[in-house]
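Working notes, structure below.
Because the structure is a prediction, the values reported are computed rather than measured.
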Amino acid sequence: MNLTTVQKALEIILNNTVDFGVEEIDFLESEGRVLKENIIADRDFPPFDRVSMDGISIDIEAFKKGQRSFKIEGVQAAGSPQLTLDNSENCMETMTGAMLPKNTNAVIQYELLDIENGIATLNVEELKYFQNIHKKGLDRKTGAILIKKNKIITSAEIGVLATVGKSKVKVAKQPKVIIVSTGNELVEVVETPAEHQIRRSNVYTLVSILKQLGIKAETAHILDDKEVLKTKIEDFLTNFDVLLFSGAVSKGKFDFIPEVLEELGVEKQFHKVKQRPGKPFWFGKKQQKTIFAFPGNPVSTFVSCLKYFTPWYKKSLGINFTNNQTAILAEDFTFKPSLTYFLQVKITQKEGKLIATPISGKGSGDLANLVDADAFLELPDDRTNFTKGEVFPLINYR
Ligand SMILES: Nc1nc2c(c(=O)[nH]1)N[C@H]1C(S)=C(S)[C@@H](COP(=O)(O)OP(=O)(O)OC[C@H]3O[C@@H](n4cnc5c(N)ncnc54)[C@H](O)[C@@H]3O)O[C@H]1N2
Ligand code: MOO
Ligand SMILES: [Mg+2]
């Protein structure tokens, strides 16, 4: 049997990423998308010496000469052009967000002064130059990169896009994805299954994983009929960029997916990976179309999507991504087959380190166990005994 190693399978997949291009969208629609341009400061941040307390502004030289009472010359409001203090022995009332008036260099908040008959008297003995003034360009200078290309846009980025006037923003185009389940035994979530049936669950797990990646995927279900499969998949290959299948890739009489895909001109990159669960995983390409056909057992579909689709998608869109997470095995564990084993584990923390306690479950059909576990510990295929205290790569889905 010709099995592809997990490492090789991932390498093939990552060598087959697709550039889906760039589109320009309304900035308010861009949350969760991958930025495809550097966002530059169009002016200094802040763009002028910005008053940061409500109060008065004065020329500190007058204060140094012992002056404590200042006649109010005018009011500098936020949103008004800059005023000039004509007499350096006077003061200007100044509001938070206003430009600092010309000829002034310190702001004293209202709490530290009394105003009577148009005269402000200070109750302070010490002032500092440019106190309560947010200096022009202190945060960022004109031309500085505020957000780097390939960053995922979140609420923090939305504010920055707004402040530099990027009402339209360039983001990575998203592929059109369809998630397809197959099988006569599967009924809809709202239906009551007969004794020989189960509800269709894998597609929804996949929908949810993809949602977290910012992808809105469509879904479909096809019965185990080769001709119907062929017609429908041909249509999907025309209308979608990425096809994710769950089921019908193993050795069963009704496992038609690999042969149907190949008959439709999809080139197999590999079929069957040296792993458990998920061994019958099939991966192929037809020009720019990418096809992940995951084995139907729920845990197989789940872990294979996390291990292979997630990094493929992130690399395709240019998102910086390496999963370097590891965890310490909490107890001895034995796994005999020479397959990479994705061991289900519960994660706890001890002294800042992740501890992985095996809760292996009842095999790749046991989807309820995924709820009790938090992650998969990736145990290499060249060993049988894994010792408490050893460190292994982790795929954390919490
Ligand atoms: N003779 C052999 N039989 C099997 C092998 C093998 O090597 N030789 N491999 C086993 C392994 S490992 C796996 S994994 C499964 C993979 O099966 P398929 O990809 O062909 O999937 P199905 O046969 O369609 O279904 C398997 C299982 O999963 C359930 N399923 C399928 N789709 C869904 C869904 N959307 N939601 C919930 N559950 C689903 C399905 O009812 C079956 O119970 O093959 C082994 N057999
Ligand atoms: O690979 Mo299968 O997923 O072991 O059950
Ligand atoms: Mg099967």
- Have a look at Asn202 and tell me which of Ser300, Ser181, Ser246 forms a side chain to side chain donor-acceptor pair (under 3.5 Å) with it.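 For Asn202, the side chain to side chain donor-acceptor pair (under 3.5 Å) test succeeds with only one of Ser300, Ser181, Ser246, which is Ser246.
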Do other residues, nucleotides or ligands put more than 12 heavy atoms under 6.0 Å from [X] [atom1]?
X: Glu188; atom1: CD; answer: yes
X: Phe270; atom1: CZ; answer: yes
X: Lys149; atom1: NZ; answer: no

Shortest non-hydrogen contact from [X] toward [Y]:
X: Leu100; Y: Gln82; result: O-NE2, 2.7 Å
X: Ile233; Y: Ile257; result: CD1-CD1, 3.9 Å
X: Gly97; Y: Arg50; result: CA-CG, 4.0 Å
X: Lys286; Y: Leu237; result: CD-CD1, 4.4 Å
X: Ala375; Y: Ile347; result: CB-CG1, 4.0 Å
X: Pro258; Y: Ala248; result: CD-O, 3.3 Å

Between [X] and [Y], is any pair of side-chain heavy atoms under 4.5 Å apart?
X: Val107; Y: Ile58; value: no
X: Glu93; Y: Met95; value: yes
X: Ile209; Y: Phe302; value: yes
X: Val228; Y: Leu223; value: no
X: Leu379; Y: Thr340; value: no
X: Leu206; Y: Thr301; value: yes
X: Ser57; Y: Val51; value: no

Polar contact flag, side-chain donor to acceptor under 3.5 angstrom, [X]-[Y]:
X: Asn132; Y: Gln109; result: yes
X: Lys176; Y: Asn239; result: no
X: Glu378; Y: Tyr341; result: no
X: Ser88; Y: Asp59; result: no
X: Thr84; Y: Asn103; result: no
X: Asn123; Y: Asp114; result: yes
X: His196; Y: Asn184; result: no

- Take Lys362 and Asn369 through the side-chain hydrogen bond (donor to acceptor under 3.5 Å, both in side chains) test and state the conclusion after the steps. CA-CA 8 Å; Lys362 305 294 186 295; Asn369 196 64; over 6 Å; no
When you measure from the side chain of [X] to the backbone of [Y], do you find a donor-acceptor pair of N or O atoms at a distance under 3.5 Å?
X: Glu24; Y: Lys170; answer: no
X: Thr96; Y: Asp54; answer: yes
X: Thr163; Y: Val160; answer: no
X: Glu267; Y: Lys285; answer: no
X: Asp366; Y: Gly361; answer: no
X: Thr17; Y: Ile13; answer: no
X: Ser52; Y: His134; answer: no
X: Trp282; Y: Lys272; answer: no
X: His221; Y: Gly183; answer: yes
X: Lys136; Y: Pro46; answer: no

Should [X] and [Y] count as an ion pair when the cut-off is N to O under 4.0 Å?
X: Lys65; Y: Glu89; answer: no
X: Arg383; Y: Glu390; answer: yes
X: Glu157; Y: Arg33; answer: no
X: Lys230; Y: Glu227; answer: no
X: Arg398; Y: Asp374; answer: yes
X: Asp332; Y: Lys388; answer: no
X: Asp49; Y: Lys135; answer: yes
X: Arg68; Y: Glu125; answer: yes

Is the [X] to [Y] ring centre distance short of 6.0 Å?
X: Phe309; Y: Phe294; answer: no
X: Tyr308; Y: Phe281; answer: yes
X: Phe376; Y: Tyr397; answer: yes

Using the rule that Ile, Leu, Val, Met, Phe, Trp and Tyr join whenever any side-chain heavy atoms are under 4.5 Å apart, tell me whether [X] and [Y] fall into a single cluster.
X: Val249; Y: Phe236; result: yes
X: Ile359; Y: Val345; result: no
X: Phe392; Y: Leu343; result: yes
X: Val169; Y: Leu28; result: yes
X: Val180; Y: Leu210; result: no

- Begin with the C-alpha distance, continue with both residues' side-chain angles, and end with the deciding distance and a verdict on side chain to side chain contact (heavy atoms under 4.5 Å, CB included) for Leu186 and Gln197. CA-CA 6 Å; Leu186 301 174; Gln197 297 175 321; over 6 Å; no
- Query: In chain order, what residues pass the ring pair (Phe, Tyr, Trp, His ring centres under 6.0 Å) check against Phe342, with sequence neighbours excluded?
  - Reply: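 Partners of Phe342 under the ring pair (Phe, Tyr, Trp, His ring centres under 6.0 Å) test: none.
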- Query: Among Leu317, Thr290, Val242, which one satisfies side chain to side chain contact (heavy atoms under 4.5 Å, CB included) with Val18?
  - Reply: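 Answer to the side chain to side chain contact (heavy atoms under 4.5 Å, CB included) test with Val18 among Leu317, Thr290, Val242: Thr290.
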- Task: Identify the residue among Asn15, Asn16, Leu14 that makes a side chain to side chain contact (heavy atoms under 4.5 Å, CB included) with Ile12.
- Result: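 It is Asn16; the other options fail the test.
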- I would like to know whether Lys173 and Glu23 meet side chain to side chain contact (heavy atoms under 4.5 Å, CB included); could you show each step before the answer? CA-CA 6 Å; Lys173 259 194 201 160; Glu23 63 181 331; 3.8 Å; yes
- Item | Verdict with reasoning, Glu263 to Lys226, per side chain to side chain contact (heavy atoms under 4.5 Å, CB included) | CA-CA 11 Å; Glu263 283 171 28; Lys226 194 173 162 189; 2.8 Å; yes
- Any chance you could lay out the side chain to side chain contact (heavy atoms under 4.5 Å, CB included) test for Ile147 and Asn38, step after step, and finish with the verdict? CA-CA 6 Å; Ile147 318 173; Asn38 286 329; over 6 Å; no
